Amino acid sequence: MYSKLIILNFPPEVAQKAIVCQLTKKYDLLFNILSAKISNQKEGYMVLELSGTKSDYNRGVRYLKNQGVTVSTPEQQIFKDVEKCTHCGACTAVCPTEALYIKRPEMEVIFDKEKCSICELCILTCPSRAMGLFSEHTETAL
Ligand code: SF4
Ligand code: SF4
């Protein structure tokens, strides 16, 4: 099973269409929406985990792009500044995906970017301002 976090940006003309549901119907893909912001007549934004075979994943992403959706990968969006982090653990209490966790017995706070859903809760929580957001996405090559 292939699984990947992707960011979808919907232009206004397609933001209200049920495009994401077609990923299951047409391409046998499973999706888990981690965050979404879509309003009437406006652009939409969605972060989701997409799972299936690699070829179905590729076909699904190609379908999204053909619909006018920009598909990018979020790997570099959230970063942890190791110089600023004091390993207080506050961020691990709010992180919904366990991307931030305490490594024992060292009691070191680790950031696993592969699990990050870009909810930004850690940025709001961190007293040391060690968590940040990159504005650039890497557009998928398909
Ligand atoms: S809240 Fe900030 S300082 Fe504390 S462990 Fe998390 S990243 Fe480090
Ligand atoms: S943005 Fe921060 S709190 Fe949210 S999933 Fe990523 S690491 Fe966890």
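Both ligands and their constituent atoms are indexed starting at 1 by order of listing. Here the structure is a predicted model, which means the values were calculated and not measured.
When each atom of ligand 1 is checked for a heavy atom of Val109 under 4.0 Å away, the hits are 5 (S). Applying the 4.0 Å criterion to heavy atoms of His87 picks out, from ligand 1, the atoms 5 (S), 8 (Fe). Close approach to Pro127 involves these atoms of ligand 1, each under 4.0 Å from a residue heavy atom: 1 (S). If you number the atoms of ligand 2 from 1 as listed, the ones under 4.0 Å from a heavy atom of Cys122 come out as 1 (S), 2 (Fe), 3 (S), 7 (S). Less than 4.0 angstrom separates some heavy atom of Glu120 from each of these atoms of ligand 2: 1 (S), 4 (Fe). Near Ser128, meaning under 4.0 Å from any of its heavy atoms, are these atoms of ligand 1: 3 (S).
Scanning all protein heavy atoms for the shortest distance to atom 6 (Fe) of ligand 1 gives Cys91 SG, 2.3 Å. Atom 4 (Fe) of ligand 1 has its closest protein heavy atom at Cys88 SG, 2.3 Å.
Within the 3.5 Å criterion, the main-chain N or O of Val109 finds a donor-acceptor partner in the side chain of His87. Not a single donor-acceptor pair under 3.5 Å links the side chain of Ser128 to the backbone N or O of Cys85. Looking at Thr92, its side chain never comes within 3.5 Å of a backbone N or O of Leu100 through a donor-acceptor pair.
In this structure, of Ala130, Cys126, Gly132, the residue bringing a heavy atom nearest to atom 2 (Fe) of ligand 1 is Cys126.
Atom 2 (Fe) of ligand 1 has no N, O or S atom of Cys85 inside 2.8 Å of it. The nearest N, O or S atom of Cys95 is closer to atom 8 (Fe) of ligand 2 than 2.8 Å.
Side-chain contact between Val20 and Leu48 is present, with at least one heavy-atom pair separated by less than 4.5 Å.
Taking the six-membered ring wherever Trp is involved, the centroid distance between the rings of Tyr45 and Phe10 does not fall below 6.0 Å.
No option in Val61, Leu29, Asp28, Leu30 other than Leu29 meets the side-chain contact (heavy atoms from CB on, under 4.5 Å) test with Leu23.
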Go through the steps for Leu50 and Lys4 under the test side-chain contact (heavy atoms from CB on, under 4.5 Å), then give the verdict. CA-CA 5 Å; Leu50 197 57; Lys4 195 160 184 175; 5.7 Å; no
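Within the structure, the closest approach of Thr97 to ligand 2 falls below 4.0 Å when heavy atoms are considered.
Heavy atoms of Thr86 found under 4.0 angstrom from ligand 1 belong to the backbone as well as the side chain. When non-hydrogen atoms are compared, ligand 1 lies under 4.0 Å from the side chain of Met131 (C-beta onward) but not from its backbone.
Atom CD1 of residue Ile123 and atom CZ of residue Arg129 lie 11.0 Å apart, to the nearest 0.5 angstrom. Rounding to the nearest 0.5 Å places CG of Leu121 at 6.5 Å from CG of Leu124.
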